[in-house]
Amino acid sequence: MEHLVSSWYNDGSLPESYIVPPEDRPGMPSLGENIPVVDLGAHDHTTQILKASQEFGMFQVINHEVPRNVIDEAMSVFKEFHALSAEDKAIETSKSCYVYTSTQNYATERFHFWRDGLFHQCNPLQKYIQFWPEKPPKYREVVAIYTAELRKLGFRILEFIAQGLGVNPDHFRNELGENETLLVNHYPPCPDPSLTLGLGKHRDPVVINILLQSDDVHGLQVFKDEEWIGVEPIPDAFVVTVGALMQIISNGKLKAAEHRVVTNLDLARTTASFALNPFYDTLIEPAKALVDASNPALYKSFSYNDFISKYRAAASYSTAFEQFLSSTPD
Ligand SMILES: O=C(O)CCC(=O)C(=O)O
Ligand SMILES: [Fe+2]
């Protein structure tokens, strides 16, 4: 807890341990390209989602039916939480709710990232809400409504993806998407954004992730064709990221987006990643409907628990997925 960037960033210093190696530093992102924006009210949204998930592994959605006031209130309490004093943020840490800085491997990582995170489990609500922050006072009420809406949206998007892939529309219901988590990221202003990262290059270890970003503040970038593309913050849109597990379940038809976060000199940025994950003992494998003699399975079966424990223990998040795949026995 004592390491939280938000509790010391405004002394203006950039500790050496936050300086990333030259090869990882953020240069200029590629100009002119943008990730696709899918209008969920349009008739061909399934086709657009599939195409974006194949080419970019990431897209934004508009007309998503999550009410504007639900989003605004959630973003307000997310910002309020990260503005609390370090003491007030020191919630009783449990396995299902905790506050941390940089990554979960703070003690062993080679360098740190310029971000604080609040992580908690979401479903079932009755089981987990008691562990959520008590401050700000409206946190639990507002975030319960927000996560219920995001869960609905998440399953709609999974259904569109299933339809687009040609698997059972309910393929992701129950086991594959029921274990939902929320990660509220906060990136304080940084004295030298050219030397730091808010989060290094990674693929999300999830099925899909639905990200809310603060209006107007840039930071997220996606790696495509050996170039970094900035993800434009669009008011009232969510950014959907195809996770590593979806790449496996789709037998490589969809691609998990490699992405990272850059920092800003003057602006703080707050985001919330709502992830749809499997239960711990769920078997992850390419969907049977996508595998036949001419389309052999590209990945082995494994339990989500095995995957997530190896992913979290990996020396670097940027190579965690490759490392995991090469470690699965034949
Ligand atoms: O804050 C962002 O823009 C992205 C955060 C992210 O990549 C994550 O939570 O996995
Ligand atoms: Fe991510």
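Ligands are counted one by one from 1 in listed order, and the atoms in each one are counted from 1 as well. Reckoned from all heavy atoms, side chains included, excluding hydrogens, waters and symmetry mates.
Heavy atoms of other residues, nucleotides or ligands lying less than 6.0 angstrom from CZ of Arg68 number more than 12. Around CG of Asp192, the count of heavy atoms belonging to other residues, nucleotides or ligands within 6.0 Å exceeds 12.
Protein heavy atom closest to atom 1 (O) of ligand 1, with residue, atom name and distance, is Tyr187 OH, 2.6 Å. Atom 9 (O) of ligand 1 has Ser273 OG, 2.7 Å as its closest protein atom, hydrogens excluded (heavy atom only). Distance from atom 6 (C) of ligand 1 to its nearest protein heavy atom, with residue and atom name: Leu199 CD2, 3.6 Å. The protein non-hydrogen atom at the shortest distance from atom 4 (C) of ligand 1 is Val261 CG2, 3.6 Å.
Contact annotation: for His202 versus ligand 1, heavy atoms closer than 4.0 Å belong to the side chain alone. No part of Val231 comes within 4.0 Å of ligand 1, judged by heavy-atom distances. Under 4.0 angstrom from ligand 1, the non-hydrogen atoms of Asp204 all belong to its side chain. The side chain of Leu211, and not its backbone, has at least one atom closer than 4.0 Å to an atom of ligand 1 (non-hydrogen atoms only; side chain from C-beta on).
Side-chain contact of Glu285 with Ser301: a donor-acceptor pair under 3.5 Å is present, judged by distance alone.
At least one heavy atom of Arg269 sits under 4.0 Å from some atom of ligand 1. Put simply, no part of Arg115 is less than 4.0 Å from ligand 1, judged by heavy atoms.
If you number the atoms of ligand 1 from 1 as listed, the ones under 4.0 Å from a heavy atom of Leu183 come out as 9 (O). Proximity to Asn185 (heavy-atom distance under 4.0 Å) selects the following atoms of ligand 1: 1 (O), 5 (C), 9 (O). Within ligand 1, the atoms closer than 4.0 Å to a non-hydrogen atom of His259 are 7 (O), numbered from 1 in the order shown.
Residues Tyr128 and Cys122 fail the side-chain proximity criterion, which asks for heavy atoms closer than 4.5 Å. Taking 4.5 Å as the limit, every side-chain heavy atom of Thr263 sits out of range of all side-chain heavy atoms of Leu197.
Polar contact with ligand 1: absent for Gln213 (N/O pair, distance under 3.5 Å).
In this structure, Ile49 CD1 and Asp44 CG are separated by 10.0 Å, a value rounded to the nearest 0.5 Å.
Close placement of the Phe111 and Phe113 rings is indicated, their centers lying within 6.0 Å of each other. In this structure, the ring of Tyr146 has its center no less than 6.0 angstrom from the ring center of Trp132. Remark: aromatic rings of Tyr100 and Phe119 are distant, center separation not under 6.0 Å.
The closest approach of His202 to the Fe ion (ligand 2), by N/O/S atoms, is made by NE2. The nearest N/O/S atom of Asp204 to the Fe ion (ligand 2) is OD1.
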| task | Might you work through the ring-ring contact (aromatic ring centres under 6.0 Å, His included) test for Phe274 and Phe238, ending with a clear yes or no? | result | CA-CA 10 Å; Phe274 180 81; Phe238 289 105; 9.4 Å; no

